[in-house]
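Residue numbers begin at 1 in each chain, while the letters A, B, ... track the order of the sequences. Every heavy atom of this structure was used, including side-chain atoms; hydrogens, water molecules and symmetry mates were not.
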Amino acid sequence: MKALLASLLESSLNSFQKLSVTHCYAIKCGSVSDIYVSNRILDSYIKFGFLGYAHKLFDEMPQRDSVSWNTMISGYISCGKLENSWCLFTDMKRCGCYVDGYSFSRLLKGIASAKRFDLGEQVHGLVIKGGYECNVYVGSSLVDMYAKCERVEDAFEAFMEISEPNSVSWNALIAGFVQVRDIETAFWLLGLMEMKAAVTMDDGTFAPLLTLLDDPMFCNLLKQVHAKVLKLGLEHEITICNAMISSYADCGSVSDAKRVFDGLGGSRDLISWNSMIAGFSKHEQKESSFELFTEMHRNWIEADIYTYTGIVSACSGEEHQSFGKSLHGLVIKKGLEQVTSVSNALVSMYIQFPTGVMNDALSLFESLKSKDLVSWNSIMTGFSQKGLSEDAVKFFSYLRSSNIEVDDYAFSAVLRSCADLATLQLGQQTHALSTKSSFESNEFVTSSLILMYSKCGVIENARKCFDQISSKHSTIAWNAMILGYAQHGSGQVSLDLFSQMCNQNVKLDHVTLTAILTACSHTGLIQEGLELLNSMESVYKIQPRMEHYAATVDLLGRAGLVNKAKELIESMPLSPDPMVMKTFLGVCRACGEIEMATQVANHLLEIEPEDHFTYVSLSHMYSDLKKWEEKANVKKMMKERGVKKVPGWSWIEIRNQVNAFNAEDRSHPLSKEIYLMIENLTQEMQWLDSDNGFDQASLMGVNFVF
DNA sequence: TTAGGGTTAG
């Protein structure tokens with residue numbers, strides 16, 4: 001009978017039905033009272049994921065030993081139920097059962113996943129009391145626990161206690177330094193590990209290390225690591241390949257990522273597909289990520305939440321609107337709409353669609369039951385990007401008053417909104433708050449602060465924020481400062497900063513060059529601007545985009561070189577977009593090239609009949625020329641097409657209150673006094689400027705605003 | 001009969 005049971009126990013490991021039969025047979029022949037038999041059945045139930053059956057059997061066992069308790073603790077840890085495991089562990093000790101190395105290592109694994117440093121320290125005390133700190137299993141679990149809790153020094157101490165650390169101990173320690181992004185120490189440890197003959201570097205060593213190499217500046221290091229992987233014969237390890245796909249994509253080499261992905265062939269797993277889809281998506285190769293998603297479907301690979309998050313993030317433009325909406329349908333069908341990460345990606349997708357203001361994104365956000373920081377940040381960024389800055393500020397205030405955590409993304413979004421609203425007082429308050437919360441040094445927060453101060457006219461405070469940056473390698477901070485000076489008319493300072501940026505080897509991007517072209521334009525540095533545009537590809541390896549052409553058209557226009565601007569547009573390798581054409585229309589108007597302006601305007605009216613800009617420009621041009629009939633025709637056309645001019649609003653912040661007004665606005669209760677004051681000021685300016693050569697035209701702006 | 005580390009999301 002015992003021989004039959006032993007053989008049943010062996011064969012029941014691969015089928016739940018067989019396990020049930022074995023359990024029944026064990027009950028029938030009274031073998032469940034045998035602690036060895038019950039422990040094996042208990043373990044099998046847990047391996048099949050039937051924790052309820054396992055716990056019932058555990059409760060019914062007349063006798064339990066350490067293996068029974070450890071198996072149950074392990075079962076609860078595997079499904080993330082640390083509280084249950086902790087209760088079992090406490091009961092185990094109360095019952096006087098011997099707590100051994102197995103108990104500690106399983107419990108520590110759960111504590112590490114939950115990042116419960118407080119519990120970890122308690123267990124560490126018990127480990128020392130029991131004399132298990134030298135045990136390689138317990139010791140490695142302690143290293144892992146401290147590493148996951150980001151206590152790398154404690155992890156190092158625990159590592160030093162292990163009498164003979166093996167590769168798992170080393171890997172856990174290295175992963176700890178990876179977690180806190182201490183690249184130097186992580187690679188130093190790798191070097192030490194390599195020198196130890198007793199331990200071998202494996203997939204568990206390289207997979208976490210590779211996640212650190214997520215920037216083009218690590219491209220060479222990544223290639224060296226890849227070479228080491230090849231030398232050690234680890235190039236077919238799936239976790240290494242998956243990490244390598246992400247690293248190559250993050251380092252800017254999607255082609256290398258694809259090579260690794262292709263090299264995997266049939267051994268690809270879901271993570272490989274997800275990583276490749278995300279890699280294509282990050283590098284604007286949206287179509288390739290859509291193709292891969294379709295291929296996944298063709299290969300009957302079931303997409304998971306990572307897949308949907310990645311593919312939804314790839315849908316950002318007008319051309320992806322319909323596919324994005326289909327994906328939303330698929331997400332609903334799969335019952336994943338309430339998964340926070342998936343829903344967050346959908347919210348960001350709807351925000352980036354050009355049509356519709358925020359309604360789709362907002363209703364999705366509101367229906368999401370479990371919102372995290374990303375959800376709030378996405379919706380605030382959306383408000384900020386869509387020009388609904390007041391709403392972004394309101395959401396931020398709500399988060400603060402509700403004691404919901406705010407992070408660097410939230411600060412960045414709200415400071416950008418303060419910049420948009422030009423609300424200096426609110427911006428200063430947010431600045432103080434960011435300092436208090438230690439987010440001031442974050443590069444995104446700093447660049448938003450620079451943006452806010454320069455938009456509010458306090459360029460010297462923007463400079464103070466810039467000067468306080470500890471790491472001067474943040475491209476976005478340099479960009480913000482250069483743009484700030486350019487918009488303030490201090491183009492030469494912008495150009496000086498640009499030289500410093502080049503000398504200090506700070507990475508440039510397309511935004512830097514747009515800012516420099518703007519600086520040249522606002523300072524009349526025509527030759528410098530043109531040279532920069534011509535050398536973008538050869539010197540800076542950046543392909544000119546539409547905004548660069550628009551900035552250069554503006555530069556030429558401000559210098560009155562309308563024909564040069566026309567030549568530039570004609571020589572563009574891509575057909576000019578409406579932004580370039582609208583800039584050129586402004587140039588034609590300013591230079592009095594009526595015929596050319598009319599041609600450009602007609603073209604714009606054809607491609608963008610709904611945009612009020614062209615109608616307003618034409619109308620102003622005809623007013624200037626006193627061509628009343630043509631002006632009336634434009635007005636008629638606007639009426640027929642239902643196009644409305646969006647009034648230009650101005651605002652002023654008084655005692656933390658924003659007062660908005662537009663041209664000829666007389667709604668303010670004190671408007672009589674306000675207009676009287678303007679009249680007085682205007683007279684005073686005329687009197688002051690009579691010696692300085694200012695003419696009436698320079699005062700028109702003042703009159704127009706009010 | 002029960003243990004430890006590693007890869008994908010703004």
Side-chain angles (χ1 to χ4, degrees), chain A residues 6 9-10 13 34-44 46-47 65-75 77 100-109 112 132 135-145 147-148 162 165-176 178-179 202-211 237-247 249-250 269-279 281-282 304-313 339-342 344-345 347-349 351 372-378 381 407-410 412-413 444:
Chain A
L9 278 169
E10 284 307 318
L13 284 168
D34 181 333
I35 205 159
Y36 169 81
V37 171
S38 287
N39 281 347
R40 295 227 31 200
I41 297 172
L42 196 65
D43 186 50
S44 300
I46 285 169
K47 288 211 167 78
D65 62 3
S66 296
V67 176
S68 331
W69 284 97
N70 291 342
T71 308
M72 265 331 286
I73 290 173
S74 189
I77 292 291
D100 61 10
Y102 287 87
S103 332
F104 288 129
S105 47
R106 289 307 285 168
L107 197 59
L108 283 165
K109 186 188 164 86
Y132 279 101
N135 175 305
V136 70
Y137 285 95
V138 179
S140 300
S141 304
L142 272 172
V143 173
D144 178 54
M145 182 275 293
K148 292 245 169 59
I162 306 171
N166 62 12
S167 60
V168 175
S169 332
W170 280 92
N171 293 350
L173 185 64
I174 292 176
V178 168
Q179 178 131 346
D202 58 15
D203 45 350
T205 319
F206 289 101
L209 268 173
L210 282 162
T211 63
E237 292 293 339
I238 188 82
T239 48
I240 293 187
C241 291
N242 290 346
M244 206 124 66
I245 292 168
S246 303
S247 299
D250 289 339
D269 66 4
L270 189 53
I271 298 178
S272 328
W273 289 89
N274 291 348
S275 306
M276 198 61 242
I277 286 174
S281 173
K282 271 180 212 160
D304 70 352
I305 57 165
Y306 288 92
T307 325
Y308 283 110
T309 310
I311 198 71
V312 166
S313 309
V339 174
T340 312
S341 63
V342 177
N344 287 348
V347 166
S348 298
M349 176 189 84
I351 285 168
D372 66 1
L373 265 176
V374 180
S375 328
W376 286 98
N377 291 340
S378 302
T381 308
D407 67 357
D408 44 337
Y409 281 85
S412 184
F444 290 93

- Query: Between A:Lys282 and B:dA9, does any side-chain N or O lie under 4.0 Å from OP1 or OP2?
  - Reply: yes
- Query: Any side-chain donor paired with an acceptor under 3.5 Å for A:Asp269 and A:Ser272?
  - Reply: yes
- Item | From B:dT1, B:dG5, B:dT7, nucleotide with atom closest to A:Arg40 side chain | B:dT1
- Item | Candidate nucleotides B:dG5, B:dT7, B:dT1, ranked by approach to the side chain of A:Ala172 - the nearest | B:dG5
- Under 4.0 Å between any heavy atoms, over every strand shown, what does A:Ser140 touch: base, sugar-phosphate, or nothing? Just pick one. base
- Which part of the nucleic acid does A:Gly101 contact within heavy-atom distance under 4.0 Å: base, sugar-phosphate only, or nothing? base
- Message: Under 4.0 Å, counting only non-hydrogen atoms across every strand here, what does A:Asp202 touch: a base, just sugar-phosphate, or nothing?
- Response: base
- Within 6.0 angstrom of A:Phe444 CZ, more than 12 heavy atoms from elsewhere: no
- Query: Pick one: which of A:Val342, A:Asn344, A:Thr340 meets side chain to side chain contact (heavy atoms under 4.5 Å, CB included) with A:Thr309?
  - Reply: A:Val342
- B:dT2 P sits how many Å from A:Ile77 CD1, rounded? 17 Å
- Query: Are the ring of A:Tyr409 and the base ring of B:dG10 both nearer than 5.5 Å at their centres and tilted by less than 30°?
  - Reply: yes
- Separation of B:dT1 P from A:Asn70 CG (nearest whole Å): 15 Å
- Message: The side chain of A:Ser341 is closest to which nucleotide in this list: B:dT1, B:dG10, B:dA9?
- Response: B:dA9
- In whole angstrom, give the distance that lies between atom CD1 of A:Ile238 and atom P of B:dT8. 13 Å
- May I have the distance from A:Tyr36 (atom OH) to B:dT1 (atom C1'), rounded to whole angstrom? 5 Å
- Note on the structure: Exactly one of A:Val37, A:Thr71, A:Val67 clears side chain to side chain contact (heavy atoms under 4.5 Å, CB included) with A:Leu42, and that residue is A:Thr71
- Task: Would you classify A:Ser313 as touching base, sugar-phosphate or nothing, given that sugar-phosphate means primed atoms plus P, OP1 and OP2, and contacts are heavy atoms under 4.0 Å?
- Result: sugar-phosphate
- Item | Side chain of A:Thr239 (C-beta onward), nearest among B:dA3, B:dT7, B:dT8 | B:dT7
- Please state how far atom CD1 in A:Ile277 lies from atom P in B:dA9, giving the value in whole angstrom units. 12 Å
- Nucleotide nearest A:Lys148 (side chain, heavy atoms from C-beta), chosen from B:dT8, B:dG10, B:dG5: B:dG5
- Message: Nearest whole Å is fine: how far is B:dT1 C1' from A:Trp69 CH2?
- Response: 17 Å
- Message: Using the rule given for side chain to side chain contact (heavy atoms under 4.5 Å, CB included), can you reason through A:Ser341 versus A:Val374, listing the C-alpha separation, both sets of side-chain angles and the distance that settles it, and then say yes or no?
- Response: CA-CA 8 Å; A:Ser341 63; A:Val374 180; over 6 Å; no
- Query: With a non-hydrogen cut-off below 4.0 angstrom, is A:Ser348 in contact with a base, only sugar-phosphate, or nothing?
  - Reply: nothing
- With a 4.0 Å cut-off on heavy atoms, is A:Val136 in touch with a base, just the backbone sugar-phosphate, or nothing at all? base
- Contact class for A:Asp144 vs. all strands (heavy atom < 4.0 Å): base, sugar-phosphate, or nothing? sugar-phosphate
- Task: Counting heavy atoms from C-beta on, name the nucleotide in B:dT7, B:dT8, B:dT1 closest to the side chain of A:Ser246.
- Result: B:dT8
- Which one, B:dA3, B:dT2, B:dG5, comes nearest to the side chain of A:Ser105? B:dA3
- Note on the structure: Side-chain atoms of A:Asn39 come closest, of B:dA3, B:dG10, B:dT1, to B:dT1
- Message: Classify A:Thr211 by what it touches in the nucleic acid, base, sugar-phosphate, or nothing, heavy-atom distance under 4.0 Å.
- Response: sugar-phosphate
- Item | Phosphate OP1/OP2 of B:dA3: any A:Ser141 side-chain N/O under 4.0 Å | no
- Winner on side-chain proximity to A:Tyr306, out of B:dA9, B:dG5, B:dT2, is B:dA9
- Task: Let me know the distance between CG of A:Leu210 and P of B:dT8, rounded to the nearest Å.
- Result: 10 Å
- Task: Give A:Asp407 one of three labels, base, sugar-phosphate or nothing, depending on what nucleic acid heavy atoms sit under 4.0 Å from its own.
- Result: base
- Value in whole Å for how far the C1' atom of B:dT7 lies from CG of A:Leu209: 12 Å
- Under 3.5 Å side-chain donor-acceptor pair for A:Asp250 and A:Ser247: no
- Message: Looking only at the side chain of A:Tyr102 (C-beta and beyond, no hydrogens), which of the listed nucleotides B:dA3, B:dG10, B:dG5 gets closest?
- Response: B:dA3
- Between A:Thr205 and A:Asp202, does any side-chain donor sit less than 3.5 Å from a side-chain acceptor? yes
